[in-house]
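Here the structure is laid out as structure tokens; the discussion comes afterwards.
Below, chains carry the letters A, B, ... as their sequence lines are ordered, and counting in each starts from 1.
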Amino acid sequence: MPALPSLPIDVVLPELLAALQHSSSVVLQAPTGAGKTTRVPPAILDAGLAESGQILLLEPRRLAARAAARRMAFERGVTLGEEVGYQVRFDQRCTRQTRLLAITDGILLRRLQDDPFLESVSVILFDEFHERSLNLDLTLAMARRVQQTVRPDLKLIVMSATLAAGPVAKYLGDCPIITSEGRLHPVEIRYRPAITSQPVVDQVVSAVDDLLISTPGNLLVFLPGVREIQQAGDRLGTLAEQAKAIVLPLYGDLSPEQQDRVLSPQTQRKIVLATNVAETSVTIDGVTGVIDSGQVRQMQFDPGLGLDRLVLTKISQASSDQRAGRAGRTQPGVCLRLWMEREQRGLAADTEPEIRRVDLAGPVLELLCWGESDITAFPWFEAPRPEAVAQAISLLTSLGAIKDGQPTDIGRQMVQLPVHPRLARLLIEGHRNGVSDRAAWMAALLTERDPFERADYARKSGSLGPAHYSFSDVLDRVQALEEFTARGRTDTTAGRLHPGAARFLQQAQQQLLRLVNSDRPTSANTRPRSTQPKQGWERDEAVLKALLTAFPDRVARRREPLNRKGVMVGGRGIRLADSSLVLQPELFLCVDTDAGQGEIFVRQASGIERDWLPANQVEVTIDVTFDSTQEKIVAQRRTRYFDLILDESATTPPSGSNVSDVLAEAALKNLDRAIPWDDPAVSSVITRVRCLKTWLPDCGLPAFDDSTLENLLPSLCSGCRSFADLHRAPWAAALRASLTYQQQQFLDREAPERIQVPSGSQITVHYEPERSPILAVRIQELFGLKETPRIAAGRIPVVLHLLGPNYRPQQITDDLKSFWNNTYPEVRKELKRRYPKHSWPEDPWSATPENKGGRRA
DNA sequence: GAGCACTGC
């Protein structure tokens, strides 16, 4: 057993162990260098506090987990992988008997899904809690939940360097706080008068000049991004040469070899220009001078938009202290802050934790599958923004992962896959389409670090002709990687590949492929539809369609042929990056995006065909309006996917037409276009209509809140005694075809239990000023209804679009009656002419429900 | 003209 050097933490270990005897949780506050990571877990083991269970040490990074395990094994004089071990993605050295296990937070999440009460675990230590990563917040809250409900014996220890310990201790039931000294050398803090007009890069040059003189060691400069690092590097050239120092850039996208070069000892003084990697992930030896730009680029999720954006912000006080501390690791140092002392107090005390900033689709699905039914009531350490939770639920719903707020079979399969729910959906759909290998490539590419070189002028489409245009940037990259694995080619059409990064990606692809292929099919709709191997375009199409299911809300339409500008679902303008070659398809997915202030910038796009869009989400609307200024009727027909207009046309019927004629014409066009006669799903019309029937039994009225059916429904209903009458009509098919996705969702969700409409209901018709000219009328008057239905106010407003401002209710009834009596026979005649094989009953109400809307047998 | 840092059975 080697003699161990004494560390500051050793002093407080007895106090910590004593506290754990009577408290199930403890917060340990100890600065960097105190030795908490490697000394606390063995002390707990040796004190017998874990009894026969496992001690888990949670580390934020794989590297840290491995290093901690190695160090603990060394200090105990045992072989790594037996009593002491580690488990991280792609690598593990542990057995079932391992008592002290260092893991990453992702591994704990997986364990929580498989073993919700963590039955073999006695103690969990959350290291570096001040980093407040999303997974750390999530796993702490889940562990606390377990402790409070079923495992009062589970011990939780939160270890943190800088975080104010009070709030965590309070969260853990007012548990004891133990504080340890650190081993940092003093760091002199200097501020600069703000010269706000001067760019950060200029200030860095003069600051480096200062510190080269006033400190002896290496310098570390914190800058917000790669661009600033390159600019500063260019500017520091001569200065560094004079001082015989070397300038070294350091950021996460550098290859490991380049990073090692920065970290390895050099004969010359080093000036390291770094991003935030140097704040948490790596330590550079011999730094005595830190220059802090005070800036950082952070990912922020915009719940309104449903997209991430990268924003340049000021750092927090906690972060500035952390950065300054980097100057005092080996000897006293200096930190030069490029802002004024009085500005320091204006900085946020702590960095906004990740859980307040990012997309929560993954965590929300984790919790739902774990058995939490109400995410908003979940006892988080710090609650996420309610809008972000709502956005997550809506995305998960549109991905089919949850329904009625509860996980579906597909959702439960998705949670098993270690990727964002979108990509999990892509994997499952790819598997169903018989192209799981390619779907796995796509998911790996969209999750892991980009393996293609950044400066990629070869792929600037400006210099390339139509022969080089592509249908999908994403598929191009997949093909490049397939070529790399088959033939080792790094020089691909999608750009130059880093071989190391590409091999790592292949590892991830293989892992995902294994997971998705090995999944026990839990229901029929997750099994492959066909086992026939696909080739060529059929194979491409299969995976591109799967991609659409992962990004249903990211469909965009090009403004003009070959143009880089487009509009995305939600109405935002988008612009394709120069490196995108997707210039031909009119519709495409915005797969890799960066939301700026104005347009959304799209780095990778992927074309889609119009008929890939799910039929129940494509909505055909015909608005018939009366333009009172010109005294003309105008009929406008629109096809939409959500709010994205796919095509539209407006016609002005010949003067003298009345609303009924236009309506009849519109109805025919609508039918013609919207009913997929040969689609077996048309039979489900009856199902939908039965739903309607149960919750509007006697009302005699349909209830919809958008414009799709209003042109048809009033006419239909005017002849009906009840909705049961309606669903026997061939028109029922049109009804189903015209239901929007949202309406179907609404029906699936609300009907039939929650809404009851008593007989003789009153329904108010809402006036929509922006859809002028529309007259607000009361259906109560129109249909002589007596009671008010028990439905949420405004939930089911009915809008009649066809009415000009001068219409009176009596005229409306007359108009509708005349449509039914005079025009419908004509419509039926026309239907017979166009669809001679269908049986169109003379009396539409006499057909049985089993008639399936007149569908061909 | 547009790229912080991590991470996953």
Side-chain angles (χ1 to χ4, degrees), chain A residues 58-65 87-92 103-115 128 131-136 138-139 222-230 250-254 259 274-282 293 295-300 308-313 315 319 322 351 354 357-358 362-363 365-366 369 413-421 423-424 443-444 447-450 452-456 460 504 507-508 511-512 514-516 518-520 564 574-580 592-604:
Chain A
L58 232 63
E59 291 295 323
R61 278 165 287 280
R62 292 197 286 248
L63 192 75
Q87 187 185 355
V88 298
R89 193 183 186 192
F90 302 135
D91 187 14
Q92 61 180 66
I103 57 174
T104 41
D105 43 27
I107 302 275
L108 181 57
L109 264 186
R110 306 280 28 100
R111 274 181 83 152
L112 277 161
Q113 288 297 344
D114 297 339
D115 174 15
E128 314 284 357
E131 289 190 21
R132 292 295 305 278
S133 80
L134 176 61
N135 279 351
L136 215 49
L138 182 62
T139 48
F222 283 101
L223 288 162
V226 176
R227 202 169 54 229
E228 289 83 358
I229 286 175
Q230 273 158 1
L250 178 64
Y251 47 87
D253 266 357
L254 289 179
Q259 290 198 11
T275 58
N276 240 11
V277 257
E279 189 180 312
T280 49
S281 306
V282 296
S293 65
Q295 295 178 323
V296 66
R297 273 205 185 80
Q298 263 185 347
M299 200 60 100
Q300 292 241 290
D308 286 324
R309 55 170 45 132
L310 199 57
V311 285
L312 184 66
T313 48
I315 60 170
S319 175
Q322 189 79 8
T351 307
E354 206 178 356
R357 301 196 319 250
V358 301
L365 187 60
E366 293 276 357
C369 289
Q413 258 190 297
M414 282 163 68
V415 88
Q416 296 299 324
L417 300 167
V419 285
H420 188 278
L423 302 178
T447 308
E448 305 300 335
R449 181 161 290 166
D450 194 343
F452 293 92
E453 268 178 30
R454 188 178 297 256
D456 181 20
K460 284 237 167 177
F504 178 81
Q507 220 180 343
Q511 184 196 32
L512 295 175
R514 228 176 16 249
L515 287 170
V516 78
S518 73
D519 256 331
R520 319 163 280 269
R564 291 191 175 274
I574 62 102
R575 187 187 162 80
L576 294 177
D578 282 351
S579 58
S580 172
D592 185 10
T593 58
D594 183 11
Q597 287 303 311
E599 288 170 327
I600 295 165
F601 186 70
V602 183
R603 290 189 205 95
Q604 290 181 58

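- Candidate nucleotides B:dA2, B:dC4, B:dG8 were compared by shortest atom distance to the side chain of A:Glu599, and B:dA2 ranks first.
- When distances run from any side-chain atom of A:Asp450 to the nucleotides B:dG3, B:dG8, B:dT7, the shortest one goes to B:dG3.
- Proximity note for A:Tyr251 (side chain, C-beta onward) versus B:dG3, B:dA5, B:dA2: the nearest is B:dA5.
- In terms of heavy atoms, A:Leu136 sits closest to A:Leu58 at CD1-CD2, 3.7 Å.
- Rounded to whole Å, atom P of B:dG3 lies 13 Å from atom CD1 of A:Ile229.
- Among the heavy atoms of the strands, none lies under 4.0 Å from A:Val296.
- When rounded to the nearest whole Å, the span between CD of A:Glu354 and P of B:dG8 equals 14 Å.
- One finds a side-chain N or O of A:Arg297 lying less than 4.0 angstrom from the OP1 or OP2 phosphate oxygen of B:dC4.
- Rounded to whole angstrom, the span from the CG atom of A:Leu576 across to the P atom of B:dA2 amounts to 15 Å.
- Remark: P of B:dC9 and CD of A:Gln507 are 12 Å apart, rounded to the nearest angstrom.
- Among B:dG3, B:dG8, B:dA2, the nucleotide with an atom closest to any side-chain atom of A:Glu366 is B:dG8.
- For A:Leu134 against A:Pro363, the heavy-atom pair with the smallest separation is CD2-CG, 3.8 Å.
- Salt-bridge annotation for A:Arg564 and A:Glu599: absent, with no side-chain N of the basic residue lying under 4.0 Å from a carboxylate O of the acidic one.
- Residue A:Leu312 places its CG atom among more than 12 non-hydrogen atoms of other residues, nucleotides or ligands, all under 6.0 Å distant.
- For A:Asp592, counting side-chain heavy atoms from C-beta on, the closest listed nucleotide (B:dC9, B:dG3, B:dT7) is B:dG3.
- Between the CG atom of A:Asp114 and the P atom of B:dG8 there is a distance of 16 Å, given to the nearest Å.
- The shortest distance between the side-chain N/O atoms of A:Gln511 and the OP1/OP2 oxygens of B:dG8 is not below 4.0 Å.
- Mapping A:Gly106 and A:Arg575 onto DNA chain B by nearest heavy atom places A:Arg575 closer to the 5' end of the strand.
- Listed pair A:Thr104 / B:dG8 meets the phosphate criterion, a side-chain N or O lying under 4.0 Å from OP1 or OP2.
- Of the side-chain N and O atoms in A:Arg449, none sit less than 4.0 angstrom from OP1 or OP2 of B:dG3.
- Nucleic acid contact for A:Thr447: base, since at least one base atom lies under 4.0 Å from a heavy atom of the residue.
- Note: CG (A:Leu250) to P (B:dC4) measures 14 Å, nearest angstrom.
- The two residues A:Pro418 and A:Leu515 have their closest heavy-atom pair at CD-CD1, 3.4 Å.
- Rounding to whole angstrom units, CG of residue A:Asn135 and C1' of B:dC6 are separated by 10 Å.
- For the OP1/OP2 pair of B:dA5 and a distance below 4.0 Å, the side-chain nitrogens and oxygens of A:Thr275 include at least one atom meeting the criterion.
- Counting any heavy atom pair closer than 4.0 Å across all strands shown, A:Arg603 reaches a base atom.
- Rounding to whole angstrom units, CG of residue A:Leu310 and C1' of B:dA5 are separated by 10 Å.
- Across all non-hydrogen atoms, the minimal contact from A:Ser293 to A:Phe222 is OG-O, 2.7 Å.
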